[in-house]
Amino acid sequence: MFRLETEVDRERRILLSGRLHEDNVAASAGLRALLSTSAEHEVPLEVWALDEHGALAGGLTGRTWAYWLHVDLLWVDAPHRGSGLGARLLAEAERTARTERACTRSRLETWDFQAPGFYRRQGYEEIGRVADYPPGVTEFILVKDL
């Protein structure tokens, strides 16, 4: 007999994550090969663009893990859109991931109303899409060889 609970529980989440990680490493030679390498742990990667007054003009947040760059967020303030700033932010994140963290590929998700065309122009290829995520929106999954 089991009792199911739907409460947020940090301690259980940490325990669950640890147990899943152990099972995954035991089941995957690829994950075992990452152990004790520079790519074993997820490391944040952030690139910021500041204007002449030091205000945020754009930024990119992501992380590297397993020789991959994962771009989480990329934003450019409206007055600077179309100036190439987004491409510069992305290129710097890719350069850092490639040269400082030995990443060989990059991945990201974007919605249909955001920037799939922008990412394609930067060399990303669509490998998947999820319709109605959220309802009325299509999410694209894109990757790029670095």
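- Interatomic distance, CZ of Arg107 versus CH2 of Trp68, reported as 7.0 Å (0.5 Å rounding).
- To the nearest 0.5 Å, the span separating CG on Leu89 from CG on Leu60 amounts to 6.5 Å.
- Between Glu22 and Arg19 there is no salt bridge, since no side-chain nitrogen of the basic residue lies less than 4.0 Å from a carboxylate oxygen of the acidic one.
- Interatomic distance, His70 NE2 to Thr61 OG1, rounded to the nearest 0.5 Å: 9.5 Å.
- Shortest non-hydrogen contact noted between Ala49 and Leu85 is CB-CD1, 3.6 Å.
- For the atom pair CG of Leu69 and CG of Leu90, the computed distance is 7.5 Å after rounding to the nearest 0.5 Å.
- Counted within 6.0 Å of CD on Glu126, heavy atoms from surrounding residues, nucleotides or ligands total more than 12; the atom is thus considered enclosed.
- In terms of heavy atoms, Arg81 sits closest to Val76 at NE-O, 2.5 Å.
- Applying the side-chain hydrogen bond (donor to acceptor under 3.5 Å, both in side chains) test to pairs two or more places apart or on separate chains, none has a residue in residues 35-47.
- The shortest side-chain heavy-atom distance between Ser106 and Val71 falls under the 4.5 Å cut-off.
- With respect to Arg3 and Glu5, a salt bridge is recorded, a charged nitrogen being found less than 4.0 Å from a carboxylate O.
- Between Ala97 and Leu146, the shortest heavy-atom contact is CB-CD1, 4.3 Å.
- Put simply, the side chain of Glu7 reaches to within 4.5 Å of the side chain of Arg12, judged on heavy atoms.
- A salt bridge links Glu94 with Lys144: the distance from a Lys NZ or Arg NE/NH1/NH2 to an Asp or Glu carboxylate oxygen falls below 4.0 Å.
- For the pair Ala87 and Gln122, the tightest heavy-atom approach, listed with the atom from each and the gap, is CB-OE1, 3.6 Å.
- Using a 4.5 Å heavy-atom cutoff, the side chains of Leu74 and Phe118 are in contact.
- A donor-acceptor contact shorter than 3.5 Å is absent between the side chain of Asp132 and the backbone of Pro134.
- In this structure a side-chain-to-backbone donor-acceptor pair under 3.5 Å is present from Asp112 to Thr138.
- Here the closest non-hydrogen pair linking Ile141 and Val130 is CD1-CG2, 4.5 Å.
- Annotation: His21, atom NE2; neighbour count of heavy atoms from other residues, nucleotides and ligands within 6.0 Å does not exceed 12.
- Salt bridge status for Arg98 with Glu100: absent, with no side-chain N to carboxylate O gap under 4.0 Å.
- For the pair Leu45/Arg101, a side-chain contact is recorded, criterion being any heavy-atom separation below 4.5 Å from C-beta on.
- No side-chain donor-acceptor contact under 3.5 Å links Asp77 to the backbone of Pro79.
- Other members of the cluster containing Trp75 are Trp48, Leu50, Leu56, with ILVMFWY side chains joined at under 4.5 Å, either directly or via other members.
- Within 6.0 Å of the CZ atom in Arg88, the count of heavy atoms belonging to other residues, nucleotides or ligands does not exceed 12.
- Looking at every heavy atom in both residues, Leu34 comes nearest to Ala66 through CD1-CB, 3.6 Å.
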Worksheet entry | CA sep, side-chain torsions, deciding dist, call: Val43, Trp65, side chain to side chain contact (heavy atoms under 4.5 Å, CB included) | CA-CA 7 Å; Val43 180; Trp65 175 72; over 6 Å; no
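- Proximity of Leu142 to Thr110: side-chain heavy atoms (C-beta onward) are separated by under 4.5 Å at one or more points.
- Rounding to the nearest 0.5 angstrom, the gap separating the CG atom in Leu108 from the CD atom in Gln114 is 10.0 Å.
- Proximity of a side-chain donor or acceptor of Thr96 to a complementary backbone N or O of Glu92 within less than 3.5 Å is detected.
- Cluster membership for Leu31 and Tyr67, using ILVMFWY side-chain heavy atoms within less than 4.5 angstrom, is shared.
- Listed for the Ser28 side chain is no donor-acceptor partner under 3.5 Å among the backbone atoms of Val25.
- Here the straight-line distance linking atom OH of Tyr119 with atom CZ of Phe140 works out to 13.0 Å at 0.5 Å rounding.
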